[in-house]
2 protein chains.
Amino acid sequence: MPITIADVAARAKVSKTTVSRVLNGKGELDESTAARVRAVIDELGYVPSSRAVGLARGRTRVVAMLVPSLTWPWIGEVIQGAVDVLEAERYGLLLYTCNRGDESMRQFGAQVSAKSFDGLLVIEPEGTLDYIANLHRRGLPVVLIDDRDQISGEMPSVGTTNHDGAREAARHLLAVGRTRPLVITGPERFGCTQQRLAGFEAVFDEAGHPIPAERVHQGDFTYACGTQGVTKALESGKDFDAVFAHNDLSAIGAMQALLDSGRRIPQDIAVVGFDDIRNSAHTQPPLTTVHQPLREMGEAAARTLLAHFEGTPLPNRPTVIPTSFVTRASTE
Amino acid sequence: MPITIADVAARAKVSKTTVSRVLNGKGELDESTAARVRAVIDELGYVPSSRAVGLARGRTRVVAMLVPSLTWPWIGEVIQGAVDVLEAERYGLLLYTCNRGDESMRQFGAQVSAKSFDGLLVIEPEGTLDYIANLHRRGLPVVLIDDRDQISGEMPSVGTTNHDGAREAARHLLAVGRTRPLVITGPERFGCTQQRLAGFEAVFDEAGHPIPAERVHQGDFTYACGTQGVTKALESGKDFDAVFAHNDLSAIGAMQALLDSGRRIPQDIAVVGFDDIRNSAHTQPPLTTVHQPLREMGEAAARTLLAHFEGTPLPNRPTVIPTSFVTRASTE
DNA sequence: GTGTGGTATGGGAGCGCTTCCGTTTAGTTA
DNA sequence: TAACTAAACGGAAGCGCTCCCATACCACAC
C-alpha cells in the first residue's frame, strides 16, 4: 500500500495542509514543525503522487513533443536538447510521432483535449501546421522548432539562419574559385528550402555569377535525390564545378554519384551540404557543410515554453540561433 | 472553462455514473440512453481528463522509456518501434535519458515513486542495471531492450542474436576467402561484445583459422576506435585481410583508415560491420553488415509490456529477434 | 479588560473521474 | 396479488492532492 500525504500527516501529528505546505514551501509555518514533517517524509520515503498533484493543480508538469519521425538523423539531437532542459527543470517529456498520418493526429488531438500535458514542442510540422495553429489558438502553449513552413509570427518558434548559412556556403565556394554551382534543394514548399536557395543565389548574383534555373535541381532531402540530381545534370551535359545540397544526406548522395562518374572531390567538383549530421565528418571525403545548432534549438524551444509557464509571455518573433560553417575536405 | 463529465451528465439528463459507463462500455445500460449520451458527448466535444482518469483508476496509460542518449544513431529506431506500438494502443511514451548521470537517475527514481507511469522500457542500462533491477523488484513492470550486460533472466528482456549474427559475418568472410580478420570490439564489459566476439571466433576456430589475441583490438563503438584499431594494426605490421567491427560506426572509421593508408576495399581488405545503421548503405564503399532488428525490438518490448498490463505474465526468458546479414560492396 | 494584528495551523471543499452499493421499475412466476 | 428477479440507472464515497477560509493563540497596545 503506497503511503499518502495523510499517512505523513498522521505520523507527524499535523494536518495534510501543513504537510502540503512543507512540500511546496509556501505559507508561513514554524521551522520546528517543518523539520518534524520533513523527518517523517524521509523516514517514510514519501513522494507525492504526480497524478493527484496534477489533478489538484490542473497542471501536469509534462510537456509533449511532436516529431515527424525518429529515424531522421538530426531529430534525435533536437530532442536531446529539449529533454536536457526539461529534465533539469523536473518536467517530463511525452513523445508523439505523426508517423501514422491522420490517425496519429487524431489520437494526438485526443491527448491534447485530455490535458495530458501543459505545453507542446513541435518539430517541422509538415502538413499539420494548421492543426497545431488551431490548438495554439485554443490556448495550448506551443513552440515550433525549425518550422520549415511560412507561417511564422503566428506561433512562437525557434529556428536557425537558413538564409545566412546558405550565404556563407556560397561565399566559401566563391572563395575557393567556384562560380557554377549545381543546387540540390529540399522540397519547394518548405520555408527552409526557399531561404537557403534565396541566400545562396543572392551571393552568386552579387558576385556576377547568377545561377540559371537549369542548375537548380528540386530534391526532397533524401540520399536518392542527391545522386539523381547529379546524375541528371551530368547526363544532360550541364556545366558545374560545385554542388550545394540543402541537406547532408542529399549531399552525400551527390558525392556518391560524382565519385561513381569518375569525378574527383573537390578537385573537379566541390560539395557543400547543410545540417552537419554526425556522419558528415566521416564521409569520403569529409563533407564541408553548414552546421545547424540542433541541440541548442531544442534547448531554446524548451526554455521558451518553460519560461511561459512561469509567466513570461511567449515571444512573438522567432528565436534564431545562427548556423556555423564547417570547412572539410569536400571543398578544399 | 473545460467541460467535464458532469456537464455531459446534466445535458443528457443522466448521472455521471451512466456517462462513465457509456465511456468505458461496461455495465448494462439501455441502448437508447447510451446513444443519447454519445450524442451529447459529440456535441460538446467532451474528452475525459486523463489526469482525473489516472487518479481514479490508479493507472496512467503512460509508459516510460529510459535511454542512454538520443544521439546514438540506432536509438531512434528502437524508440520509433516502441512508440508505434504504444500509440496504436493509446498509450503515451514518457522519455527519460540518463545523460546527466546520477542526477538523472535520482530524478527518474522520483518519477517512479510518483507513479508517473505504469511501466518501463529500458535501453542498454549501462551502469544503472542494479538500480533498474531494484525498481523491478519493487513491483515496477520493466522490459529491458538489448541488455548488453549479463544479468538476463532476472528481468524480462528483448535482444537479438549477437552470437549468431557474428557467426554469419564470419562465415561470409570465409566464403569470400578471408582467413585472417582483424576484430574491433565493443567495450569488453558489454554482453553483446562478448557474444559477438565468441560467435565470430568460434567459426574461424572451426574452420581451422583461430584468431590470435593480437588481432583483436578492444574498441568502444566509436568512429575513432575504428580508425585507431586499423592504424595500430598497420603500424605494427599485423597481417590481416579483413576487418570485423562490432558496430558500423567503428567499421566506418576502420574503412577510413584503410583507404587513407592506400588499401583498397574489398580487394585488399574486406570490412564487415554490425548494426546496419541508416548510413551504412551510403558509405564509400557501401558497408556489408549484420542488420539488427532495432525497430522490431522496440515493438516487441512495448508489446511485452502492454501484454503484461492485460494480465499476461512477463516472460522470464529473453525474447530474441534474429539479426539478418546484409551483403554490400565492402566485402565483395 | 477589550481590541488589534500577526503568525501558525486545521477543516474541508474541490479537482474530474471510477466504482461500490443501492434503488427504482418493469417484467416474471406462483 | 404478493413475491421475486433482472435490467437500468443514480448516490456518494473515494483516488491523493491543493488551497481558500476559518480558527486558535499570543503579543502588544489602549
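Just so we're on the same page: letters track the sequence lines, and every chain starts at 1.
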Short N/O separations, protein against nucleotides 6-10 of chain C, under 3.5 angstrom:
| residue | atom | partner | partner atom | Å |
| --- | --- | --- | --- | --- |
| dT9(C) | OP1 | Thr33(A) | OG1 | 3.3 |
| dT9(C) | OP2 | Asp30(A) | N | 2.8 |
| dT9(C) | OP2 | Thr33(A) | OG1 | 3.0 |
| dG10(C) | OP2 | Ser15(A) | N | 2.7 |
| dG10(C) | OP2 | Ser15(A) | OG | 3.1 |
| dG10(C) | OP2 | Thr18(A) | OG1 | 2.7 |
| dG10(C) | O6 | Arg21(A) | NH2 | 2.9 |

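Nucleic acid contact for Lys115(A): none, since no nucleic acid atom lies under 4.0 Å from a heavy atom of the residue.
Side-chain atoms of Leu23(B) and Tyr46(B), non-hydrogen and from C-beta on, do get closer than 4.5 Å to each other. Here the side chains of Thr160(B) and Glu296(B) are not in contact, with every heavy-atom distance at 4.5 Å or above.
Applying the salt bridge (charged side-chain N to carboxylate O under 4.0 Å, His left out) criterion to Arg11(A), with sequence neighbours excluded, gives Glu43(A). With sequence neighbours left out, the side-chain hydrogen bond (donor to acceptor under 3.5 Å, both in side chains) criterion links Asp30(B) to Ser32(B). For the side-chain hydrogen bond (donor to acceptor under 3.5 Å, both in side chains) test, residues two or more places apart in sequence or in another chain that qualify with Glu31(A) are Arg38(A). The side-chain hydrogen bond (donor to acceptor under 3.5 Å, both in side chains) search around Ser20(B) returns Asn24(B), not counting sequence neighbours. For Glu89(A), the side-chain hydrogen bond (donor to acceptor under 3.5 Å, both in side chains) test picks out no residue, with sequence neighbours left out. Legend: residues meeting salt bridge (charged side-chain N to carboxylate O under 4.0 Å, His left out) with Arg137(A), ordered by chain and number and at least two apart, are Glu154(A). A search for salt bridge (charged side-chain N to carboxylate O under 4.0 Å, His left out) contacts involving Arg59(A) returns nothing, not counting sequence neighbours.
Within residues 53-61 of chain B, the residues approached by DNA chain D to less than 4.0 Å at the level of any non-hydrogen atom are Leu55(B), Ala56(B), in residue-number order.
Checking each of Ile123(B), Val122(B), Thr97(B) against Pro68(B) for a side-chain contact (heavy atoms from CB on, under 4.5 Å) leaves exactly one that passes, namely Ile123(B).
When rounded to the nearest whole Å, the span between CG of Asn24(B) and P of dC17(C) equals 11 Å. The distance between atom CZ of Arg51(B) and atom C1' of dG14(C), rounded to the nearest whole Å, is 14 Å.
Side chains of Gln107(B) and Glu103(B): a donor on one and an acceptor on the other come within 3.5 Å.
With a heavy-atom cut-off of 4.0 Å to chain B, the contacted part of DNA chain D has its first and last nucleotide at dA7(D) to dG16(D).
Distance check, rounded to the nearest 0.5 Å: CG of Leu95(B) to CG of Leu121(B) gives 11.0 Å.
Pairs passing the ring pair (Phe, Tyr, Trp, His ring centres under 6.0 Å) check and including a residue from residues 296-315 of chain A, sequence neighbours excluded, read Tyr91(A)-Phe309(A).
Across its full length, the helix from dG1(C)-dC30(D) to dA30(C)-dT1(D) shows an angle of 70° between the axes of its 5 terminal pairs at either end, rounded to 10 degrees.
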